[in-house]
Each structure stands twice: as structure tokens, then as C-alpha cells.
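Right, one structure below, let's go through it.
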Amino acid sequence: MAYDDLRGFLAALEAEGQLLRITDEVLPEPDLAAAANAAGRIGEGAPALWFDNVKGFTDARIAMNVHGSWTNHALALGLPANTPVKDQVETFAARWDAFPVAPERRADAPWRENTQQGDDVDLFSVLPLFRLNDGDGGFYLDKAAVVSRDPEDPDDFGKQNVGTYRLQVIGNNRLALQPVPVHDVALHLRKAEERGEDLPIAVTLGNDPVLTLVAGMPMAYDASEYEMAGALRQAPAPIATAPLTGFDVPWGSEVVIEGVIESRTRQIEGPFGEFTGHYSGGRRMPVIRVDRISYRDAPVFESLYLGKPWTEVDYLVGPNTCVPLLKQLRAEYPEVRAVNAMYTHGLLVIISTAKRYGGFAKAVGMRAMTTPHGLGYVSQVIVVDEDIDPFDLPQVMWAMSAKVNPRDDVVILPNLSVVELAPAAQPAGLTSKMIIDATTPVGADARGNFSTPVKDLPEAEEWAARLRQLIAAQG
Amino acid sequence: MTHCPRCAHDTVGRLATSPVPGVWDVLQCHRCRYTWRTTEPARRTRRDAYPDAFKLTADDLAAAVEVPAVPPLRTTP
Ligand SMILES: [Zn+2]
């Protein structure tokens with residue numbers, strides 16, 4: 001079941017009992033963010049939240065926590081609501097193999113219903129904007145898909161990027177954008193600024209749930225997010241042509257904002273409570289001049305609370321970060337069974353693998369750090385045996401406690417690269433990295449006494465599936 | 001006169017006003033761009049209640065790093 005727009009997915013969530021409508025009047029601050037923050041604290045089945053009675057607004061419709069639970073993540077992929085996390089990641093990885101699936105261009109995008117342009121542009125009149133965390137510098141668009149093209153190769157569909165970047169509203173027609181230097185939009189901007197040119201950009205809000213997943217996924221520079229969305233949806237992604245930039249944007253978006261990143265300009269932006277659970281400080285960032293807004297009748301404003309993990313963003317970027325690492329590791333090391341890169345966008349990764357020979361697990365850990373995503377993130381790797389589920393933390397802790405001899409199994413590598421947002425980096429962007437080898441030694445590595453492990457009963461796996469079905473049937 | 005809760009600057013503009021008249025305004029500091037709604041809690045709207053950890057001085061603003069840095073202009077076509 002593929003959803004062509006956010007509204008279709010919200011209706012499906014409601015039918016599954018996974019959309020909570022808050023009907024009492026709430027304050028824009030602190031209530032909207034506090035409710036979404038709380039959703040991340042009530043367990044793994046938290047619903048999406050819907051607000052349409054917000055003090056001072058006459059016409060606000062706000063959706064939050066749309067991807068904010070394993071239940072909702074499963075439903076976004078069209079899977080049964082109680083699908084285990086490991087199976088959600090495996091399904092994600094299996095559908096990836098269908099990439100690329102060509103998108104389907106449609107002419108009748110519903111966001112053509114309303115337009116503001118030029119001097120009439122006013123973000124506040126279209127969007128019910130609000131603040132998330134106390135120390136944030138202002139109001140943010142934090143769940144958009146930002147579309148840009150390579151200025152040196154604008155006709156290459158694959159090099160057109162669709163990514164999620166934080167955007168602070170700094171004026172009625174102005175946004176500040178954070179392009180992390182390793183990300184594609186920063187490469188596009190660098191090329192434009194080297195030529196002294198503005199970079200055209202489209203910001204699409206309120207997208208179908210798979211497009212949002214893909215926009216937050218680390219993909220190769222020339223791989224099309226729309227072609228990946230098609231693979232994951234198991235149906236072509238519907239796209240349309242944005243009227244001002246001519247860019248390919250989602251057909252089903254609620255709002256399409258177009259303009260340019262002004263060349264060679266920086267303005268103060270932030271701080272913002274980030275996915276690391278820490279604020280990133282005020283820095284001078286690129287700015288967008290908004291020239292046109294297109295929007296559906298009665299647009300839904302989708303936003304996402306993030307702060308101290310776990311929050312919606314962790315569900316959103318969890319599985320989609322695991323899968324590229326899993327694919328890239330398996331390409332050279334087919335022994336790799338599963339990769340859990342769900343902790344703080346993969347700053348910590350847990351890998352389960354079979355071993356070829358002594359020392360192999362440490363090689364797998366080092367490879368994880370040199371994948372494209374690993375260069376900017378993976379700073380701690382825990383490697384466990386093939387019979388450990390890396391998504392089952394009690395199993396991982398058992399492996400750590402029983403199989404690690406710290407002197408020989410902890411490897412620390414100094415001065416490697418990491419995103420500047422990583423709070424522990426010193427200086428920003430540089431960190432030491434660690435591998436913990438929690439696998440059972442194999443020859444020629446003869447350390448320890450591991451000859452008689454206890455194994456799960458052969459019938460236990462079948463019983464686990466049976467119990468999940470019984471619980472689901474209970475409703 | 002309204003001062004910026006974050007940097008104490010005395011020039012503050014209005015970005016938006018509530019669609020229901022008279023409920024709130026959205027204000028913005030002209031120096032540090034801090035943006036707030038007048039109905040937010042005092043810890044976000046009043047200089048005396050604003051947490052020290054988030055306060056900015058003119059020096060902080062001048063020292064803020066560029067991310068990403070503006071690259072050199074390409075001299076050859
Ligand atoms: Zn200020």
C-alpha cells in the first residue's frame with residue numbers, strides 16, 4: 001500500500017488507531033512541542049498527533065510525530081503495525097534492491113490550488129509556525145524535503161538532490177538553511193558560490209511518508225531519491241514540476257516553497273536543539289529568499305519534535321541509516337548479518353557478523369567507519385556474533401559483558417572525521433573512534449573459554465511469532 | 001520599550017500578528033534574529049528570565065563561525 005500524500009497516510013493512521021486528535025484549545029508554545037516530546041516518552045507504539053485548535057490561529061492544522069513510533073514506521077512502509085524492528089530493516093533492505101524505480105510525472109498537483117509570489121510572499125500567513133525547544137533561536141521547518149540541482153549538471157536527474165535540512169524562519173520571506181558540508185546541497189551550493197551565482201531551491205512540506213524517509217537517508221551523490229522512493233513504496237513516486245524553478249518536486253506535497261540561496265551570504269542562525277540531544281550554537285549560515293509559495297487548500301503543517309533522544313527523528317532516520325551501512329558492509333563482507341545504526345544517526349553502530357578468522361570482527365568495524373556515512377558519523381562500533389540480534393540491546397549487553405576482554409577487544413583510533421554537530425568531538429569535526437569486539441574469538445585467536453554456550457530452544461522463534469500474532473489479534 | 005531577551009538589543013520588529021486579533025505577536029530582534037511569540041513563557045520572552053546559557057553578546061555574534069565557509073570565487077571559467 002503506497003501513500004501518494006501525507007493526507008492519505010494520516011487517514012490510514014487514524015483507521016489503525018494511530019492518530020490522536022487533540023481537540024482542546026492549546027497554546028502554540030509550549031504545548032505543541034511538549035505534546036510531541038511526551039509522545040516519545042510513552043512507549044514504542046506512540047500515535048501521530050493532530051492539532052487544529054491552537055490559540056490565536058483561525059485556520060491551523062498541525063501534524064506531529066507522524067513517523068514517531070515503530071508502529072507508525074511500519075505503517076509508512078505498508079507493513080503490519082506490529083512488525084519487529086529487525087524485520088522492518090530487512091524489508092527496507094530487500095526493497096532497496098528494486099532501485100531504481102522511475103517516478104511517474106503528474107500534471108495536476110494539488111498544491112497548484114493557491115499561490116503567493118514576489119512581495120505577497122508571507123510564510124507566516126501560510127504556515128502556523130511555532131518553537132520547539134527553549135533555547136531555539138526561532139521557529140523552524142524541520143521536516144521538509146529540500147530539492148536542489150547540481151549547477152554544473154542541472155539536467156542530471158540523479159544529481160538532483162532531495163534532502164532534509166533544518167530551516168529557520170528568519171523573515172516573512174526568508175529562511176536560514178543548515179547544509180552540513182558533506183551533504184549534497186552543500187556541494188551544490190559550493191559550486192554555485194564559486195561561480196558567484198544564487199542556487200535555486202525548492203522546499204516541500206507535508207510529504208508522503210516514504211518520501212520523508214528517503215529525504216533523510218544517506219544516499220550516493222548521483223542516486224535519485226525519487227527512484228529510491230519508488231523502490232521502497234513498490235510503486236512509482238508521483239512527482240510534478242515546480243512552477244518557478246522547474247525542479248521535480250513531490251506531487252502530493254502540502255506546500256511548495258521556491259526561491260534561491262543567496263550567493264556568498266551568511267547570517268546568524270540557531271541555536272537549535274539537534275538530534276544529538278544538544279543544542280548546536282549560533283553560527284552564520286546561508287539564507288534563502290523565498291520568491292513563491294504554492295499550497296493546497298487547507299494545508300496541513302507537518303513538523304517534528306527533536307531533542308533528547310528518543311524522539312520522532314530517531315525513528316525517522318533509524319532504519320534508513322542502517323540499510324546503507326548494511327548494504328555497503330555486505331558488499332565486501334557477506335558474513336555481516338545485521339546492522340543497527342539507530343543510535344544518534346549512527347554515531348554508535350552495532351554490527352552482527354560471522355567471522356572468517358581471528359581478528360575479522362575488528363576489520364568489519366573499521367570498514368563501517370570508512371563507508372560514506374561512517375566518515376561523518378560512525379564513532380563507536382560494537383561488533384557481535386551472528387547469533388546476536390543487534391536490535392535486541394539485552395543480547396548486545398550480554399555479549400559485551402561475557403565476551404569482551406577490554407585490553408585486547410577495545411581498539412581506539414585517534415583523529416578521525418565526524419560531523420561538527422557531534423558534541424564529544426574535539427575540535428569540532430574531529431574525534432577518536434572506538435571498536436569494541438564483542439564476538440567469540442575464532443582461530444587463530446584462541447583467547448577465552450567459550451566452548452559451551454547455551455542456545456535458545458529450537459521452538460522459541462516460532463513461539464515468538466505466535467505470541468505476537470495473539471497480542472495483535474487482541475487489539 | 002521591548003528589548004531582545006537573548007542579546008538585550010533595543011530594536012525589535014514584528015514579523016507576524018495572530019489571525020485572531022490581539023492574541024499574540026511574533027517579534028524578532030534586529031541584531032541576533034532571535035524570534036519569539038509574545039505568549040511564550042517568560043523564560044523565552046523576558047530578558048530577566050532568559051537563561052544565561054542561551055544569552056548572546058555582540059562579541060559572540062561577531063565571532064560566530066561561517067558554516068559552510070564561503071568558497072573562493074573561481075577565477076577561470
Ligand atoms: Zn537579540
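Computed over heavy atoms, backbone and side chain alike; hydrogens, waters and symmetry mates excluded. Each chain gets a letter, A, B and so on, in the order the sequences are listed, and its residues count up from 1.
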* To do: Tell me, for B/A69 versus chain A, whether the close heavy atoms (under 4.5 Å) come from the side chain, the backbone, both or neither.
  => backbone

* To do: With ring-ring contact (aromatic ring centres under 6.0 Å, His included) as the test, would you mind laying out the steps for B/W36 and A/F139 before giving the verdict?
  => CA-CA 8 Å; B/W36 69 98; A/F139 304 168; 9.9 Å; no

* Structure fact -> Applying a strict 4.5 Å limit to non-hydrogen atoms, the region of A/L129 in contact with chain B is backbone

* Heavy-atom distances under 4.5 Å only: say whether B/V23 touches chain A with side chain, backbone, both or neither. => side chain

* Structure fact -> If one checks every heavy atom of B/Q28 against chain A at 4.5 Å, the contacting part turns out to be side chain

* Apply salt bridge (charged side-chain N to carboxylate O under 4.0 Å, His left out) to the pair B/R74 and A/E197, showing each step before the final yes or no. => CA-CA 11 Å; B/R74 205 181 288 176; A/E197 294 171 0; over 6 Å; no

* To do: Please flag which part of B/R33 lies under 4.5 Å from any non-hydrogen atom of chain A: side chain, backbone, both or neither.
  => both

* **Residue A/F130 versus chain B: region with a heavy atom under 4.5 Å** => both

* Asked: Considering all heavy atoms of both residues, which atom of B/W24 and which atom of A/P28 are nearest to each other, and what is their separation?
  -> NE1-CG, 4.2 Å

* Asked: For atom CG of A/D297, is the number of surrounding heavy atoms from other residues, nucleotides or ligands below 6.0 Å larger than 12?
  -> yes

* Rounded to the nearest 0.5 Å, how far apart are OG1 of B/T35 and OH of A/Y140? -> 9.0 Å

* Asked: Thinking salt bridges, do A/E29 and B/R37 make one under a 4.0 Å N-O criterion?
  -> yes

* **Residue part contacting chain B, namely of A/F57, when any heavy atom lies under 4.5 Å** => both

* To do: Walk me through it: do A/R284 and B/V67 pass the test side chain to side chain contact (heavy atoms under 4.5 Å, CB included)?
  => CA-CA 6 Å; A/R284 296 168 58 78; B/V67 179; over 6 Å; no

* Asked: So what's closer than 4.5 Å to chain B heavy atoms on A/N133: side chain, backbone, both or neither?
  -> backbone

* Asked: Around atom NZ of A/K191, are there more than 12 heavy atoms of other residues, nucleotides or ligands at under 6.0 Å?
  -> yes

* Side chains of B/S18 and A/K55: closer than 4.5 Å at any heavy-atom pair? -> no

* Asked: So which part of A/Q178 gets closer than 4.5 Å to some heavy atom of chain B, the side chain, the backbone, both or neither?
  -> neither

* Nearest heavy-atom neighbours spanning B/R43 and A/D134 -> NE-OD2, 2.7 Å

* Asked: Is A/N172 reaching over with its side chain to a backbone N or O of B/L15, donor-acceptor style, under 3.5 angstrom?
  -> yes

* **Main-chain N/O of B/P72 paired with A/E194 side-chain donor or acceptor, under 3.5 Å** => no

* Asked: Counting only heavy atoms not in B/R46, do more than 12 fall under 6.0 Å of its CZ?
  -> no

* Asked: chain B: which of A/E269, A/R195, A/R264 shares the most heavy-atom pairs with it under 4.5 Å?
  -> A/R264

* Asked: Between A/R266 and B/P68, is there a donor-acceptor pair closer than 3.5 Å when you use the side chain of the first and the backbone of the second?
  -> yes

* Top contributor to chain A interface from B/L56, B/V26, B/T39 [non-hydrogen pairs under 4.5 Å] -> B/V26

* Determine the minimum heavy-atom distance between B/R6 and A/G137, stating which atoms define it. => NH1-CA, 3.6 Å

* **Segment of A/V180 engaging chain B (4.5 angstrom heavy-atom cut-off)** => neither

* So which heavy atom on B/A64 is nearest to which on A/G282, and how close? -> CB-O, 3.8 Å

* Does A/D136 have any side chain to side chain donor-acceptor pair (under 3.5 Å) partners at least two apart in sequence or in another chain, and if so, which? -> none

